[in-house]
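A note on names: the letters A, B, ... follow the listed sequences, proteins ahead of strands, and every chain is numbered from 1. Note: hydrogens, waters and symmetry copies are ignored here, and every other heavy atom, side chains too, is used.
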Number of protein chains: 2
Amino acid sequence: MKKMQDRLLNDLKGKNIRLSHQRLKVVEYLCQNHIHPTVDQIYLSLKNSIPTLSKTTVYNILKTLVEAGLVKVITIDNNESRYDINTQMHGHLKCEKCGRIFDFNIQFISFSNDELKNFEISEKNVYFTGVCPKCIENTSQDYRS
Amino acid sequence: MKKMQDRLLNDLKGKNIRLSHQRLKVVEYLCQNHIHPTVDQIYLSLKNSIPTLSKTTVYNILKTLVEAGLVKVITIDNNESRYDINTQMHGHLKCEKCGRIFDFNIQFISFSNDELKNFEISEKNVYFTGVCPKCIENTSQDYRS
DNA sequence: AAAAGGAATTGGAATAATTACAATATTGTA
DNA sequence: TACAATATTGTAATTATTCCAATTCCTTTT
């Protein structure tokens, strides 16, 4: 966890992106909270330690991190963006009950597709929706009453 | 094409959803324009034939169609929703240059995943981004000058 | 055919996410 | 330390979407 953070900060330094206090905190937050947070979640959480923090700043920082390739935008909701420090290819499942987003691995080979052979593919996203084990359990309990 | 429209209208009748003029037109639009349109695209296009049309109505109708399972929401953009009458499982690729969205088939088998064996999966979405053949061609032409 | 009741449409206002922008503050370097 | 470049901040603007109350349109009943 700590290692990832150091790698990210090194990457930023390498790209001549200043390690301002705010940026450090956002990176730290993303490394410590693998919850695919929204801008608002990040903002609200950091506002405690940085009272002057502006939401615009959070937007700016995330934009910088995304452009630097250190963070990926998740478009599983179409009303608000979520952010993921895990930039390796993986799938996301959003639980319809609790709203949490879970990661899962994907086998790449499966995507080779003749229809797309003349396309240049830059990004592959896999989004599932469903119900997580915990919420399945809770739902079944409801039926007992 | 016409067949699909008739099937959709029959489905609506079966679910006791009135075939109002506006609804007929929206269904007709979706059947004739497989461009994964936004609400705005639908609204602007239909406003010509239905001058009194309200954008709220388009939102309402689409909500009804989605709830009836006749239309699917595409969340490939996270700033605005797109709608697809093709409810069969398929992937979407959005061209970064021209913005068009292309359909492609997916092999289902590939998604069986141990990590998700305790989840209830209700929907699977696959979104790629990249560049379409036409735009690849246009870009290469630019370099000649 | 008229009346009544329910459903759909409309438009304007409210909400929420995001962006634009100008002023201020911070940082790195000479 | 001083300068220039970059980052942050707050407010205002923009955009997509939802809310809601008034009106209109169907459908059914009388």
List the atom pairs, donor and acceptor, that lie under 3.5 Å between side-chain atoms in residues 90-106 of chain B and the rest of the protein, sequence neighbours left out.
from, atom 1, to, atom 2, distance (Å)
B/His90, ND1, B/Gln88, O, 2.5
B/His90, NE2, B/Asp84, OD2, 3.0
B/His90, NE2, B/His92, NE2, 2.9
B/His90, NE2, B/Asp103, OD1, 3.3
B/His92, NE2, B/Asp84, OD2, 2.9
B/His92, NE2, B/Asp103, OD1, 3.3
B/Lys94, NZ, B/Asp77, OD1, 2.4
B/Lys94, NZ, B/Asp77, OD2, 3.2
B/Glu96, OE2, A/Ser122, OG, 2.4
B/Asp103, OD1, B/His36, NE2, 2.8
B/Asn105, ND2, A/Glu115, OE1, 3.3

request  = Compare the minimum distances between each of D/dA7, D/dA16, C/dA8 and the side chain of B/Arg23, then state the nucleotide with the smallest one.
outcome  =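 Of the options given, the side chain of B/Arg23 lies nearest C/dA8.
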
Integer-rounded Å distance: [N] [atom2] and [X] [atom1]:
X: A/Leu12; N: D/dT6; atom1: CG; atom2: C1'; value: 14 Å
X: B/Ile42; N: D/dT17; atom1: CD1; atom2: C1'; value: 14 Å
X: A/Leu24; N: C/dT26; atom1: CG; atom2: C1'; value: 14 Å
X: A/Leu19; N: C/dT26; atom1: CG; atom2: P; value: 17 Å

query = Under the 3.5 angstrom rule, does the side chain of B/Ser45 hit a backbone N or O of B/Ile42 as a donor-acceptor pair?
reply =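 Not a single qualifying donor-acceptor pair exists.
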
ask   = Under 3.5 Å, is there a donor-acceptor pair between the side chain of B/Thr57 and the main chain of B/Leu53?
value =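 Answer holds: no.
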
Please determine if a side-chain N or O atom of [X] lies less than 4.0 Å away from the OP1 or OP2 oxygen of [N].
X: B/Ser20; N: D/dC25; answer: no
X: B/Arg18; N: D/dC25; answer: no
X: B/Gln22; N: D/dC25; answer: no
X: B/Thr38; N: D/dA16; answer: no

query = More than 12 heavy atoms of other residues, nucleotides or ligands under 6.0 Å from NZ of B/Lys47: is that the case?
reply =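 Yes.
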
inquiry  = At a heavy-atom distance below 4.0 Å, what parts of residues 51-65 of chain A sit against DNA chain D?
reply    =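 Close to the strand are A/Thr52, A/Leu53, A/Ser54, A/Thr56, A/Thr57, A/Asn60, A/Ile61.
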
task = Enter the distance from B/Phe128:CZ to A/Asn125:CG here, rounded to the nearest 0.5 Å.
result =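 So the gap between those two atoms works out to 8.5 Å.
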
Would you give me the side-chain donor-acceptor pairs under 3.5 Å for residues 10-31 of chain B, sequence neighbours excluded?
from, atom 1, to, atom 2, distance (Å)
B/Lys15, NZ, B/Ala68, O, 2.6
B/Ser20, OG, B/Arg23, N, 3.2
B/Arg23, NH1, B/Arg18, O, 3.0

